[in-house]
Amino acid sequence: MRHTSRPVNGWAVVSGRARRKMSAPADAHAAETGLGVGQHLVLQMLDAVGPCSQQTLSEELRIDRSVMVGICDDLQQEDLVHRERNPRDRRSYAVTITDSGRRRLAQAQTSVPAFLDDTFRSLTPEERAQLSTLLGKLLGIGP
């Protein structure tokens, strides 16, 4: 039985519910763009910071290493990234976004603002800005 009339004050419960509320729409949006959420995040990071190792991608994006291997395999199969042995450490791979990857990312990014507007429609613009600031502070990014 669901109880929705009682307010929830526990941070763990609230953050868990928020994550679940965001996951399904994000997965559905990702499916529409042809990129999984993890694939989108990897392409975004590579586009922003340049080539890096699968380990760095895994650590920075908080994606399990074994899952990251699959994500990079899929992206490479679609020619969206290129992987080659890291010349400084032959045990690791350097992952680089390709021109095709940049084009696919740009196409996917065009629908993100509408997705975010729809997902956060219950918040005012001021509340969205506040949420962004608080999450950035929590994650140690931004001002």
Side-chain angles (χ1 to χ4, degrees), residues 2-4 7-143:
R2 288 181 99 171
H3 298 283
T4 56
V8 177
N9 295 321
W11 173 249
V13 173
V14 170
S15 62
R17 285 184 178 176
R19 181 190 54 79
R20 282 190 303 278
K21 181 175 175 64
M22 290 296 302
S23 292
D27 289 341
H29 178 261
E32 290 173 13
T33 66
L35 288 174
V37 172
Q39 293 173 329
H40 193 137
L41 291 172
V42 167
L43 291 178
Q44 275 186 304
M45 183 169 167
L46 292 173
D47 190 50
V49 303
C52 56
S53 70
Q54 287 179 191
Q55 180 178 348
T56 299
L57 288 167
S58 180
E59 290 170 359
E60 291 294 318
L61 297 173
R62 305 251 188 241
I63 297 174
D64 184 84
R65 287 180 185 189
S66 62
V67 174
M68 183 58 68
V69 170
I71 289 171
C72 289
D73 285 348
D74 292 344
L75 290 171
Q76 185 173 15
Q77 188 173 16
E78 292 186 49
D79 193 37
L80 302 178
V81 301
H82 177 71
R83 276 190 301 191
E84 59 188 8
R85 289 283 183 191
N86 185 339
R88 286 175 274 168
D89 181 358
R90 302 285 301 157
R91 296 170 296 170
S92 70
Y93 285 96
V95 184
T96 306
I97 190 170
T98 63
D99 289 340
S100 296
R102 281 191 180 84
R103 284 191 298 275
R104 182 65 123 358
L105 177 61
Q107 291 168 349
Q109 293 285 77
T110 61
S111 63
V112 170
F115 164 73
L116 293 174
D117 284 344
D118 184 53
T119 302
F120 292 103
R121 68 183 169 275
S122 64
L123 300 178
T124 66
E126 294 79 17
E127 290 169 330
R128 291 179 194 189
Q130 183 181 21
L131 178 61
S132 180
T133 299
L134 291 171
L135 290 173
K137 185 176 183 179
L138 180 68
L139 297 171
I141 55 176

Practice problem: Identify which one of V81, T98, V95 satisfies the side-chain contact (heavy atoms from CB on, under 4.5 Å) criterion when paired with Q76. | Solution: V81
Practice problem: Using the ring-ring contact (aromatic ring centres under 6.0 Å, His included) rule, collect all pairs that involve residues 57-78, keeping only residues at least two apart or in two chains. | Solution: none
Practice problem: Not counting sequence neighbours, list each pair that qualifies as a ring-ring contact (aromatic ring centres under 6.0 Å, His included) and has a residue in residues 64-102. | Solution: none
Quiz item: To the nearest 0.5 Å, how far apart are CZ in R102 and CG in D47?
Solution: 5.5 Å
Quiz item: Could you state the interatomic distance from CD (E84) to OG (S92), rounded to the nearest 0.5 Å?
Solution: 11.0 Å
Quiz item: Between T110 and P113, which heavy-atom pair has the shortest distance, and what is it?
Solution: O-CD, 3.7 Å
Quiz item: Taking only residues two or more places apart in sequence or in another chain, which ones pass side-chain contact (heavy atoms from CB on, under 4.5 Å) with I63?
Solution: L61, V67, M68, I71
Quiz prompt | Spacing of CG belonging to L116 relative to CG belonging to L123, to within rounding of 0.5 Å | solution = 11.5 Å
Quiz item: Which pairs count as ring-ring contact (aromatic ring centres under 6.0 Å, His included) when at least one residue sits in residues 94-139, sequence neighbours excluded?
Solution: H29-F115
Quiz prompt | D79 bridged to R104 by N-O distance under 4.0 Å | solution = no
Quiz item: Is V37 close to L41 at the side-chain level, that is, under 4.5 Å between some pair of heavy atoms?
Solution: yes
Quiz item: Distance from L105 atom CG to L80 atom CG, nearest 0.5 Å?
Solution: 9.5 Å
Practice problem: Look up atom CG in L43 and atom OG in S100, then write down how far apart they are to the nearest 0.5 Å. | Solution: 10.5 Å
Self-check item: Steps toward side-chain contact (heavy atoms from CB on, under 4.5 Å) verdict (D117, R128)
Solution: CA-CA 10 Å; D117 284 344; R128 291 179 194 189; 2.9 Å; yes
Practice problem: Would you mind listing every salt bridge (Lys or Arg N to Asp or Glu O under 4.0 Å) that reaches into residues 30-39, with sequence neighbours excluded? | Solution: none
Practice problem: Check whether the side chains of S23 and R20 place a donor and an acceptor atom closer than 3.5 Å, and report yes or no. | Solution: no
Quiz prompt | Name of the residue among R83, E59, R65 meeting side-chain contact (heavy atoms from CB on, under 4.5 Å) with Q54 | solution = R83
Self-check item: Validation row: C52, M45 side chains within 4.5 angstrom (heavy atoms)
Solution: yes
Exercise. Would you list the pairs meeting ring-ring contact (aromatic ring centres under 6.0 Å, His included) in which at least one residue belongs to residues 40-62, sequence neighbours left out?
Key: none
Quiz prompt | Separation between CG of L131 and CD of E126, rounded to the nearest 0.5 Å | solution = 13.5 Å
Quiz item: Nearest heavy-atom pair of L46 and T96: which atoms, and what distance?
Solution: CD1-C, 4.3 Å
